[in-house]
There are 2 protein chains.
Amino acid sequence: MDKPAKPGQQVLAALRRMIADGTIKPGARIAEIPTAAALGVSRMPVRTALRALEHEGLVEKLGARGYTPRAVDAAAITGAIEVRGVLEGLAARRVAERGLTEAEAAQLEAILAEGDALFAKGHLAEGDLDGFYRYNLAFHDLLIAASGNPSIALALGRNNHLPFASAAALALDWDDLEGEYRHLRAAHQEHRAVFEALRTGDAERAERLMRGHAAVAVANRRAFRMLAG
Amino acid sequence: MDKPAKPGQQVLAALRRMIADGTIKPGARIAEIPTAAALGVSRMPVRTALRALEHEGLVEKLGARGYTPRAVDAAAITGAIEVRGVLEGLAARRVAERGLTEAEAAQLEAILAEGDALFAKGHLAEGDLDGFYRYNLAFHDLLIAASGNPSIALALGRNNHLPFASAAALALDWDDLEGEYRHLRAAHQEHRAVFEALRTGDAERAERLMRGHAAVAVANRRAFRMLAG
DNA sequence: CATGTGCCTATTGGATCCAATAGCGTGCTC
DNA sequence: GAGCACGCTATTGGATCCAATAGGCACATG
């Protein structure tokens, strides 16, 4: 399981990482040939990856002189999180309006039970962060899938690539695990509240809750500290 | 101006058209080699175009057996329009919250004046449809740009490729020009209402109006008739 | 007769090569 | 001395070739 990654995917991941961690600074040119040489592949996967990153909005074409990373500042991240908020809010609204099916309710309950289990003992254990990651993602994904509107998932696909913008991107402060425990538990309780709104068919409330749920990520100071540092 | 199109762009446009007009039906396989042969180019631009269309959500990968057009039904279009509604609603909200600058207000007023001129004489002339198209697009684009959130424009980029989903896609019933005149004038009046909400800083109202403005496109029967026929 | 296995072929992904193009520097001219 | 034009070079886009892979079919076996 260490090396099954296809070359093309590795190039894409490598470029994403380099852009994210500042190895390639915004404003710097990204040409195909040097990049391909540096990564030890041909120009082809690099070209593919750059086109994909352009579609994702991470880089922008620089005329006929290659690409350059798009500057990603705190405002951009905030904007992406706002977009996620309204899209997931729309998903929640639609699910509430349509009403939960038996199967969906059972599935959501099962997912939320995982969350309950994580926080039952009052603190975070080692594997719990990974557990929360999966639980959180499952909740959001199921909600989006249940919305019955594929355009929502499609539109969300973009934002998830920006750092900290995705629901999957947990910005954890490892120096303040108690604080993080409270944050994550609050998020879990918001999930429960959304679930109640869905069950009762309160579309307005479901949308509002879901929007607010995304907004808390904006308040996470850790993300901005990392940007500054 | 007849032949300046780059080969790659032509392939992309050709595939889009073929998918839109049903030359390639959903469920049918799109393989690189036959497609390239049919279009008289090599596999490379076809590959590029298919990747782009996949990002746009018009086709989906069929395992290792090529691509297939995504089925686009009335529900999909409705969904895309809903997404456009919440995104443009978010843009309007942000502009209203932040307040219009002098320059933005003047620009919007100039654009709206174009709309006023179009409807002043009480009926639609020949070139007016084109005029409305440009006016409408200018209004929406300016609003999105003024939101200061590039993620909105990025997310909207996806939906505009689906037929009838974009603000630029006017579904006109050429057999009922009087009815269309009323529709378009109503849209123009909604623009005016949004502008008022922006000026007064009523974010809630601006968002609601903008959402409703997108929703009227859903009610347009013409789109569904075209789908059926 | 059904099922599992192994080979074969069709198809995509990657590498290398070639052509077109745009930017840029230099030199000439006014 | 400044501006324009020409040619050069760097870089992307396209074509062709090769390798890896997955799906399908046939055959053998239980």
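Atoms CZ (Arg47(A)) and P (dT16(C)) sit 13 Å apart, rounded to a whole Å. With rounding to whole Å, Ile33(A) atom CD1 is found 12 Å from dT16(C) atom P. Remark: P of dG13(C) and CD of Glu32(B) are 6 Å apart, rounded to the nearest angstrom. As rounded to whole Å, 10 Å separates atom P of dG13(C) from atom CD of Gln9(A). When the P atom of dT11(C) is taken as reference, atom CZ of Arg51(B) falls 18 Å away, rounded to whole Å. Note: CG (Leu50(B)) to C1' (dG13(C)) measures 13 Å, nearest angstrom. One atom, CZ of Arg43(A), and another, P of dA15(D), lie 14 Å apart when rounded to the nearest Å. Rounded to an integer number of Å, the gap from CE of Met44(B) to P of dC17(C) is 14 Å.
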- Under the side-chain hydrogen bond (donor to acceptor under 3.5 Å, both in side chains) rule, what do Asp21(A) and Thr23(A) come out as? Steps first, then yes or no, please. CA-CA 6 Å; Asp21(A) 66 16; Thr23(A) 306; 2.6 Å; yes
- Message: Please evaluate residues Arg211(B) and Glu82(B) with respect to the criterion salt bridge (Lys or Arg N to Asp or Glu O under 4.0 Å), reporting the C-alpha separation (whole Å), side-chain torsions for both, the decisive distance (0.1 Å), and the verdict.
- Response: CA-CA 8 Å; Arg211(B) 276 211 203 187; Glu82(B) 276 178 9; over 6 Å; no
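A side-chain donor-acceptor contact under 3.5 Å links His213(A) and His140(A). At a cut-off of 3.5 Å, with distance as the only test, no side-chain donor of His188(A) or Asn136(A) sits close to an acceptor on the other residue.
Residue Arg65(A) is in sugar-phosphate contact alone, with no base atom involved, counting any heavy-atom pair closer than 4.0 Å across all strands shown. Within the 4.0 angstrom heavy-atom criterion, no nucleotide atom of any strand lies near Gly63(A).
Candidate nucleotides dA15(D), dA15(C), dG13(C) were compared by shortest atom distance to the side chain of Pro45(B), and dA15(D) ranks first. Distance from the side chain of Arg29(A) is smallest to dT11(D) among dA22(D), dT11(D), dA15(D).
A side chain to side chain contact (heavy atoms under 4.5 Å, CB included) with Met210(A) is found for one member of Leu198(A), Val86(A), Leu143(A) and no other, namely Leu143(A).
With the nearest nucleotide of DNA chain C identified for both Gly66(B) and Ala64(A), Gly66(B) has the one nearer the 5' end.
The phosphate of dT11(D) (OP1 or OP2) has no side-chain N or O of Lys61(A) nearer than 4.0 angstrom.
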